[in-house]
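First up is the structure itself, then whatever we jot down about it.
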Amino acid sequence: MEPKIRSEAIGSIEDAIGRLIRTVRTNLSDNASAFAPGLTPSAYSIMSVIDRMHPVTPAAIIEATRIDKSLVSRQLRILKDGGFITSAPDPHDRRADLFSPTPDAGARFAEIRSQNRARFASGFDSWSEDELTTFATLLDKFMGRAEN
């Protein structure tokens, strides 16, 4: 590929990723508000990990979200005080707690996730299976998760 064409293609990718990041941030904020008015996007991100991985330790939440330990601790207290999560001592490490969603929070999350996936899927309605597979493969490769 010519250097100029390659440079322009990389510029287009950079622009598209910037738009994607802005869209993701907006959706995260909207999802946090839909889950609980006043909930911060960081708390929603933490709640998302808890919902997906429960029961889960704070260390696993920090690893999954890359959010600072002090912020995770603060948001866990807020989520627990809000009645969204429960905690229990980790049987393998009594110094740590394991966090799980409450049944109501789990149901709220399932509804928001379902709405998001339906909205997201509609963006691919006109794509063929080959296009979807190619896009998924290339995105995984870009993100460094390709198996090859």
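In this chain, numbering begins with 1 at the start of the sequence shown.
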Write down the atom of [X], the atom of [Y], and the distance for their closest heavy-atom approach.
X	Y	answer
L98	P89	CD1-O, 4.4 Å
P41	S29	CG-CA, 4.0 Å
D97	P58	O-CD, 3.3 Å
A36	R108	CB-NH1, 4.1 Å
L39	A43	CD1-CB, 3.6 Å
I46	V72	CD1-CA, 3.8 Å

Hey, could you give me the [atom1]/[atom2] distance between [X] and [Y], rounded to the nearest 0.5 Å?
X	Y	atom1	atom2	value
K80	T102	NZ	OG1	12.0 Å
M47	R52	CE	CZ	11.5 Å
R74	L79	CZ	CG	12.5 Å
T65	L71	OG1	CG	8.5 Å
H92	T57	NE2	OG1	11.0 Å
S73	I67	OG	CD1	11.5 Å

*Please determine if D81 and R77 form a salt bridge, counting it only when a charged side-chain N lies under 4.0 Å from a carboxylate O.*
no
_Evaluation steps, ring pair (Phe, Tyr, Trp, His ring centres under 6.0 Å), between Y44 and F84_ = CA-CA 11 Å; Y44 184 82; F84 303 119; over 10 Å; no
Quick check against the 3.5 Å criterion: does [X] have a side-chain atom that pairs as donor or acceptor with the backbone of [Y]?
X	Y	result
S122	R119	yes
R66	I62	no
S114	A110	no

*Can you list the steps and then say if I61 with I50 is a side-chain contact (heavy atoms from CB on, under 4.5 Å)?*
CA-CA 7 Å; I61 294 168; I50 294 169; 3.7 Å; yes
*List the steps, then state whether side-chain contact (heavy atoms from CB on, under 4.5 Å) holds for L28 with S45.*
CA-CA 8 Å; L28 183 60; S45 294; 3.6 Å; yes
Answer yes if [X] and [Y] sit in the same cluster of Ile, Leu, Val, Met, Phe, Trp and Tyr residues linked by side chain heavy atoms under 4.5 Å apart, and no otherwise.
X	Y	result
F120	W127	yes
F124	L138	no
I17	M143	yes
F109	V24	no
I112	I85	yes

*Check whether any side-chain heavy atom of R6 sits under 4.5 Å from a side-chain heavy atom of P3, and report yes or no.*
no
_Heavy-atom side-chain proximity of F99 to P55 below 4.5 angstrom_ = no
*Tell me, yes or no, whether the heavy-atom count around R113 atom CZ, taken from other residues, nucleotides or ligands under 6.0 Å, exceeds 12.*
yes
